[in-house]
Amino acid sequence: MRSLYTGLLVGLLIWPLLPAAAEPASDPDAGIQENVQTLKQQVLELNRDLFMLEEELLFPSNTQVSVFVSMDVGKFFQLDSVQLKIDGKEVADYLYTPREIDALIRGGVQRLHIGNLRNGEHELVAFFTGKGPKGRDYRRGATTTISKGLGPKYVELKIVDRSSNYQPEFAVKEW
Amino acid sequence: MAPRRLLVFALWLAAVAVAGTAAAGKPRQVLDLDYGEVLFHFYQEDYFTAITHLMAAQQHNRLPHHRQDAEMLMGGLQLSYGMLDLAQARFHRLLDADPDSELHERVWYYLTKINYQRGHYRKAYATLQETGAPEDKALSAELALLGANINMALGNDRAAADSLKTVRAPEGWKEYLHINRGIALLRAGDIEQGRQLLDALGQQPAASEELRALRDRANLGLGYQLLRNGDSTAARQYLNRVRLQGPFVQAALLGAGWADAEGGDFQQALTPWMALLKISGHQPAAQEARLAVPYALAQMGDGKRAVAFYEQALSYYDSEQQQVEAAIESARSGTLIALLSQADTGISGGWLHENPTLEGVPSGRYLVDVLSGNNFQESLKDYRDLGYLSDALGNWLDKTALYHDMVDARRLAYQQRAPKIRARLEKHETALLQQRWQHYQAQIAAARAPSAPIKLANTAEKHQWRRLQNLQRRLATLPDEPRYQRLRERAEWLRGVLSWRLQSDYQARWWESHKQLRGIEPLLHEAAARHANIVKALHSAKAGFDGYDRRIEALRGRILALLPRIEAARGASGQHLQRLALGELETRKQRLSSYRSQARFALARSYDQLARNPQVLP
């Protein structure tokens with residue numbers, strides 16, 4: 001029975017001493033993996049070409065307008081949703097997930113809307129809803145007039161922490 | 001650990017991506033919106049979308065401020081998305097192409113990571129030597145852990161422990177460094193130092209479940225190591241610290257029982273082992289406890305109960321063997337592959353955070369165990385990725401039909417509108433306007449002459465001027481009488497007044513006319529350009545529509561060519577997963593078979609003992 005005890009113990013002793021960091025994946029079937037890598041690359045290239053075709057067809061560069069949302073630290077404002085109106089018409093009403101908020105805080109920029117506009121001036125209104133300082137419900141708007149010319153137009157809605165008055169600031173930047 | 005590892009990897013990339021070179025003090029801001037959008041997807045582990053957008057942005061040349069960062073990010077994304085070959089080739093290209101030493105350090109880090117992931121530990125060790133000492137604490141900790149893992153994989157346990165000794169680590173990282181160092185020390189045979197380290201870690205308050213599990217693991221590892229070294233009293237002390245609600249409770253209870261048994265206290269050993277029997281588990285620890293309990297009873301001289309528990313154990317192993325065989329049959333018959341479809345979450349990349357549910361599947365608990373294994377998870381990522389690729393291309397296939405319709409609709413609209421537009425163009429309105437403008441321009445130039453103020457007269461003034469001229473001509477034909485003489489003088493006076501008015505307003509009028517004509521000039525140019533554009537668009541529209549049709553059809557052909565290849569690869573991946581699962585289940589079956597043999601042998605021996613000592617028989 002002692003041998004039984006020893007056998008069991010040796011088996012159990014191995015795994016607690018494995019490094020706590022992730023073990024590397026074994027290489028059980030390199031052929032499948034290589035094939036998958038090749039397929040991924042080919043599909044990605046195809047996806048890129050389809051994505052570009054779609055953009056050309058649906059949003060030609062002369063009329064294309066994209067509106068982005070970015071955020072810096074997010075200390076004074078916890079974003080829940082953004083509503084966007086262009087020339088009085090609602091074009092986006094977006095509710096954010098915690099993962100998306102995290103991605104924004106870490107420097108990601110979300111393309112909130114892509115659409116088409118004629119050349120000329122257009123009114124853009126954005127409403128930001130969330131929790132403001134001290135957890136209070138917070139809703140603020142930002143309005144601007146954008147000028148659409150030839151070529152695609154990029155507009156960035158920026159949520160910036162203003163430490164001077166401990167309030168969030170909502171700014172619109174035309175690119 | 002995987003989420004933690006990924007988190008740090010993401011942080012590292014974030015530093016790379018956003019800050020460029022943190023050491024160089026560049027501002028942490030996104031200078032190209034397209035680049036920021038790629039990061040947005042990347043931070044959500046949506047690698048497929050992130051890579052697609054990055055490739056498109058590069059193709060459109062929309063990343064003028066992040067060219068180098070984009071190359072690094074692409075390599076990192078490929079690495080995260082399991083495209084190790086391409087990532088490796090890209091990093092080698094970056095090493096060759098760019099002399100920036102800061103960049104080189106990062107590239108070497110990635111190459112080390114790739115080599116380690118592939119199990120090429122010697123290569124990983126060589127590339128690790130090329131990485132410098134990062135200033136970022138999180139990265140420094142990540143690098144140290146990676147280095148320690150490589151060293152341990154090569155059997156250099158002492159070097160692994162030493163490399164973790166003086167690492168600058170941010171909050172939340174120290175525990176991981178300590179447990180890895182403690183383990184490395186134990187493996188290197190330095191029991192005392194390893195024990196001190198893990199002992200301290202095992203007593204630390206832990207705020208999160210992750211840290212609590214880490215603390216349990218430290219206590220468990222230390223307890224088993226001491227048990228192996230024969231220090232059962234100390235081993236029991238550490239095993240007692242493992243939480244009853246934690247993931248390591250079964251191994252801890254089994255070890256605690258063995259620690260008591262090692263000290264000769266079989267009665268005490270029964271407490272954790274009996275508790276383990278009550279846990280309806282099928283983990284090795286729970287299965288082994290089925291043998292351990294009657295072993296302790298036999299050692300205590302309670303042959304009757306030992307026989308009863310051995311018989312229970314045999315019955316249990318028979319039942320479990322049937323369960324495993326059912327699970328094997330279930331896996332072979334394709335149930336496992338069907339279950340894998342539950343792993344298709346519609347999200348590209350990342351880890352599967354929840355195991356598929358196995359309700360209604362015979363012996364599903366064994367399959368769940370297999371699915372949770374790290375090897376299986378790695379292979380499952382490929383399987384899921386292929387499913388995602390197939391879905392993505394399927395969606396595109398549907399869209400291509402819509403795009404054809406869209407192009408057709410535009411072609412029809414063009415055919416309806418083009419004749420009217422052509423007719424209007426043929427009126428040459430722009431050219432006529434241009435001519436009129438040139439005419440007025442010539443007039444203005446002519447009016448610049450000092451003797452020509454009348455040319456700037458308005459219509460009424462010109463009318464008055466002509467009437468006066470006519471009047472004066474008629475007056476000249478009349479007799480030379482005083483009454484006509486007065487009229488001639490009056491006409492001359494009126495002509496003088498008109499002439500004076502035209503003369504005095506001349507400069508202002510000339511300037512106003514000149515200004516207005518000059519203001520019209522750009523509008524005329526714009527109109528001419530639009531005219532030319534419309535002519536060009538009309539001319540090229542048909543070719544454009546046909547071009548779109550050809551492009552859509554070519555892309556559709558590529559989709560149709562790839563889809564069966566993806567399905568085949570997914571099938572092969574599924575088969576590979578099935579082989580892995582079957583291998584694991586076979587191992588479990590053999591283990592159960594071994595337990596069963598030992599139980600039968602022990603039971604036979606117990607019967608013998610009872611036969612030799614008949615007074616204890618019922």
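The sequence lines fix the lettering, A, B, ..., with proteins before strands; numbering per chain opens at 1. Computed from heavy atoms alone, side chains included, the values below leave out hydrogens, waters and symmetry copies.
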**Asked** Among A:V109, A:L104, A:L53, A:V43, which has the most heavy-atom pairs under 4.5 Å with chain B?
**Response** A:V109

**Request:** Against chain A, label B:L54 side chain, backbone, both or neither, depending on which of its atoms sit under 4.5 Å from a heavy atom there.
**Result:** neither

**Item:** Interatomic spacing from OG in A:S66 to CG in B:D34 - rounded to 0.5 Å
**Value:** 8.0 Å

**Request:** Answer yes or no: is there a side-chain heavy-atom contact under 4.5 Å between B:D85 and A:E34?
**Result:** yes

**Prompt:** Side chains of A:R99 and B:Y43: does their closest heavy-atom pair fall under 4.5 Å?
**Reply:** no

**Prompt:** Got a second to check how far B:R565's CZ is from A:T38's OG1, nearest 0.5 Å?
**Reply:** 7.5 Å

**Asked** What are the two closest heavy atoms between A:Q37 and B:G82, and how far apart are they?
**Response** CG-O, 3.4 Å

**Item:** Side chain / backbone / both / neither for B:V407 at chain A, heavy atoms under 4.5 Å
**Value:** side chain

**Asked** Under a 4.5 Å heavy-atom cutoff, which of B:T52, B:L389, B:L33 has the most pairs with chain A?
**Response** B:L33

**Request:** Answer whether the closest heavy-atom distance between the side chains of A:L46 and B:I559 falls below 4.5 Å.
**Result:** yes

**Asked** Taking all non-hydrogen atoms of both residues, which atom of A:Q41 and which atom of B:L86 are closest, and how far apart?
**Response** OE1-CD1, 3.4 Å

**B:M406 and A:L58, any side-chain heavy atoms less than 4.5 Å apart** = yes

**Asked** Where on B:L386 is there a heavy atom nearer than 4.5 Å to chain A: the side chain, the backbone, both, or neither?
**Response** side chain

**Asked** Can you tell me how far the NZ atom of A:K40 sits from the CZ atom of B:F48, to the nearest 0.5 Å?
**Response** 10.5 Å

**Request:** State, yes or no, whether a side-chain contact exists between B:R62 and A:Y154 at a heavy-atom distance under 4.5 Å.
**Result:** yes

**Request:** Would you mind checking which part of B:Y548 comes under 4.5 Å of any heavy atom in chain A, side chain (CB onward), backbone (N, CA, C, O), both or neither?
**Result:** side chain

**Prompt:** So which bits of residues 135-144 of chain A come within less than 4.5 Å of chain B, counting non-hydrogen atoms only?
**Reply:** none

**Item:** Nearest-0.5 Å distance, CG of residue A:L57 to CZ of residue B:R551
**Value:** 7.5 Å

**Asked** Given a strict heavy-atom distance threshold of 4.5 Å, which part of B:H60 is in contact with chain A: side chain, backbone, both, or neither?
**Response** side chain

**Message:** Need one label for B:M55: side chain, backbone, both or neither, based on atoms under 4.5 Å from any heavy atom in chain A.
**Reply:** both

**Message:** Give me the atom names and distance for the closest heavy-atom approach of B:V30 to A:W175.
**Reply:** O-CH2, 4.3 Å

**Prompt:** Which bit of A:F68 comes within less than 4.5 Å of chain B, counting heavy atoms only: side chain, backbone, both or neither?
**Reply:** side chain

**Request:** Considering non-hydrogen atoms only, spot the tightest contact between B:A569 and A:N35 and give its length.
**Result:** CB-ND2, 3.9 Å

**Fill in**
Heaviest contributor of heavy-atom pairs below 4.5 Å to chain B, chosen from A:M52, A:E55, A:E156, is A:M52

**Message:** Nearest 0.5 Å, please: how far is CG in A:L50 from OH in B:Y403?
**Reply:** 7.5 Å

**Request:** Taking heavy atoms only and a threshold strictly under 4.5 Å, list by residue number the residues of residues 111-130 of chain A that touch chain B; give 'none' if the list is empty.
**Result:** A:R111

**Asked** From B:D382 CG over to A:Q33 CD, what is the distance, rounded to the nearest 0.5 angstrom?
**Response** 6.0 Å

